[in-house]
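See below for the structure under consideration.
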Amino acid sequence: MTMKIAIIQMDIAFGDPEANRAEAERKVQEAAREKVDVIVLPELWTTGYDLSRFDEIAEKMDGPTHRLLKELCQKYKLAILGSVAEVQGENYYNTLVGYNSEGTRILHYRKAHLFRLMNEEKYLESGDTKGNFSILNHKAAGVICYDIRFPEWMRTHMLDGSKALFVVAEWPKPRVDHWRSLLISRAIENQCFVIACNRVGSDDNNRFGGHSMVIDPWGNIVAEAGGHEEILYAEVDLSDVEEIREQIPIFQDRRPSLYE
């Protein structure tokens with residue numbers, strides 16, 4: 001079964017959820033005309049890294065951003081994934097959510113590895129559960145930005161047979177070569193599709209690198225964006241994963257007792 005994907009590589013208005021929701025809605029409407037199955041938005045696409053104001057702009061899981069995502073999924077009969085600022089009680093999280101074509105939440109993953117270079121650890125709590133979920137009757141996983149520097153965490157997500165790894169990010173431009181290399185490595189070592197959405201533009205402290213990508217289980221780049229706003233389209237056949245894993249059976253040949 002093929003999955004048609006649209007990756008919305010967008011700039012983000014710093015600390016302005018209303019403006020970002022309006023812009024994302026326009027871009028989702030544009031992508032939906034291409035009859036896609038899944039749309040991916042960047043990390044913290046409603047707020048950017050305005051962490052010091054999360055007490056004002058973070059949302060509960062029934063907030064306006066979530067209501068919009070549900071409505072868009074139902075209206076256009078597609079799934080949407082992206083990370084948002086979440087508040088629960090007195091704690092704040094960088095949370096990847098996903099909704100299916102019925103508007104049902106299928107993914108709720110709180111970023112496990114907080115990025116000190118952007119002061120996440122000063123404002124946010126880290127998550128402690130995996131980002132596994134099901135999409136179009138296939139097992140998949142979702143993670144956020146800095147998480148991809150931890151291959152053991154990626155492998156943990158793949159051990160249930162997941163065929164696709166979705167990554168959302170605000171990856172800085174000076175290290176965009178790391179972004180590309182890490183994503184390709186994660187695809188090869190886990191024999192999975194990697195579907196990665198990075199933002200573009202800048203805030204007062206950072207420039208962001210774009211280069212959203214779709215990579216197949218051999219490490220081949222199926223599609224790659226540049227450094228500016230665009231919608232990247234790709235089509236993948238998740239059944240390819242099983243065939244590749246049979247050719248080189250790395251999951252069968254693992255020796256976990258040696259890795260402890």
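Treat the numbers as computed from the prediction; the structure is a model and nothing was measured.
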Under a 4.5 Å side-chain heavy-atom rule over Ile, Leu, Val, Met, Phe, Trp and Tyr, are Ile148 and Leu81 clustered together?
yes
Is there a donor-acceptor contact under 3.5 Å from the side chain of Lys111 to the main chain of Ser126?
no
For the pair Arg149 (side chain) and His178 (backbone), establish whether a donor and an acceptor sit closer than 3.5 Å, ignoring hydrogens and angles.
no
Assess the side chains of Arg110 and Asn94: does a donor N or O sit below 3.5 Å from an acceptor N or O?
no
Can you tell me how the ring of His113 sits relative to the ring of Tyr146, calling it parallel under 30°, perpendicular over 60° and tilted otherwise?
perpendicular
Joint cluster assignment, Phe133 & Tyr93, ILVMFWY side-chain distance < 4.5 Å
no
Donor-acceptor pair, distance only, cut-off 3.5 Å: does the side chain of Glu86 make one with the backbone of His108?
no
Just by distance, no angles: are the side chains of His228 and Gln9 close enough, under 3.5 Å, to form a donor-acceptor pair?
no
Where the side chain of Thr104 meets the backbone of Asn100, is there a donor-acceptor pair that is under 3.5 Å apart?
no
Is there a donor-acceptor pair closer than 3.5 Å between any side-chain N or O of Asn198 and the backbone N or O of Trp171?
yes
Establish, from distance only, whether the side-chain atoms of His66 and Arg105 form a donor-acceptor pair under 3.5 Å.
no
Side-chain donor/acceptor of Arg53 to backbone N/O of Ala58, under 3.5 Å:
no
Exercise: do Glu120 and Tyr49 side chains pair donor with acceptor under 3.5 Å:
yes
In terms of the angle between their ring planes, are His157 and Tyr109 parallel, tilted or perpendicular, with boundaries placed at 30° and 60°?
perpendicular
To the nearest 0.5 Å, what is the distance between CD on Glu125 and CG on Leu114?
8.0 Å
Write down the atom of Ala6, the atom of Val36, and the distance for their closest heavy-atom approach.
CB-CG1, 3.9 Å
Of all heavy-atom pairs linking Gly131 and Leu107, the shortest is O-CD1, 3.5 Å
Hey, is the main chain of Ser239 close enough, under 3.5 Å, to the side chain of Glu243 for a donor-acceptor pair?
no
Should Glu59 and Thr65 be marked as a side chain to side chain donor-acceptor pair (under 3.5 Å) after you check the CA-CA gap, both sets of side-chain angles, and the distance that decides it?
CA-CA 8 Å; Glu59 298 178 38; Thr65 295; 2.5 Å; yes
Write down the atom of Val241, the atom of Pro217, and the distance for their closest heavy-atom approach.
CG2-CG, 3.9 Å
Ignoring hydrogens and geometry beyond distance, is a side-chain donor-acceptor pair present between Thr47 and Asn20 at under 3.5 Å?
no
I'd like to know if the side chain of Tyr259 reaches the main chain of Arg255, judged simply by a donor and an acceptor atom lying under 3.5 Å from each other, with no hydrogens or angles considered.
yes
Does Glu229 reach the main-chain N or O of Asp11 with its side chain, forming a donor-acceptor pair under 3.5 Å?
yes
Verdict with reasoning, Arg33 to Glu30, per salt bridge (Lys or Arg N to Asp or Glu O under 4.0 Å):
CA-CA 6 Å; Arg33 289 197 287 268; Glu30 178 182 346; 5.1 Å; no
Stepwise salt bridge (Lys or Arg N to Asp or Glu O under 4.0 Å) test for Lys4 and Glu235:
CA-CA 4 Å; Lys4 190 169 184 181; Glu235 196 163 335; 5.3 Å; no
What heavy-atom pair brings Leu78 and Ala32 nearest, and what distance separates the two atoms?
CD2-CB, 4.0 Å
Is a side-chain donor or acceptor of Trp179 paired with a backbone partner of His211 at a separation under 3.5 angstrom?
yes
Go through the steps for Arg180 and Glu224 under the test side chain to side chain contact (heavy atoms under 4.5 Å, CB included), then give the verdict.
CA-CA 10 Å; Arg180 298 182 76 259; Glu224 181 174 2; 2.6 Å; yes
Please determine whether side chain to side chain contact (heavy atoms under 4.5 Å, CB included) holds for the pair Arg155 and Glu189, giving the CA-CA distance in whole Å, both sets of side-chain angles, and the decisive distance to 0.1 Å.
CA-CA 8 Å; Arg155 174 55 56 83; Glu189 70 195 10; 4.1 Å; yes
When hydrophobic residues are tied together by side-chain contacts of less than 4.5 Å, even through go-betweens, does Ile135 share a cluster with Ile8?
no
Closest approach of Trp45 and Arg21, non-hydrogen atoms and distance?
CZ3-CA, 3.9 Å
Are Tyr76 and Leu68 connected in the hydrophobic side-chain network, where two residues link if heavy atoms are under 4.5 Å apart?
yes
List the steps, then state whether side chain to side chain contact (heavy atoms under 4.5 Å, CB included) holds for Val236 with Leu238.
CA-CA 6 Å; Val236 301; Leu238 296 183; 4.0 Å; yes
When you look at CG of Asn137, are more than 12 heavy atoms from neighbouring residues, nucleotides or ligands closer to it than 6.0 Å?
no
Quick check on Glu18: does its CD atom have over 12 non-hydrogen neighbours (other residues, nucleotides or ligands) under 6.0 Å away?
no
Do Leu51 and Leu117 share a hydrophobic cluster (ILVMFWY, side-chain heavy atoms under 4.5 Å, transitive)?
yes
Heavy-atom closest pair, residues Ser162 and Ala141:
OG-N, 4.2 Å
Is atom CD of Glu90 surrounded by more than 12 heavy atoms (other residues, nucleotides or ligands) closer than 6.0 Å?
no
Heavy-atom neighbours of Arg207 CZ exceed 12 at 6.0 Å:
no
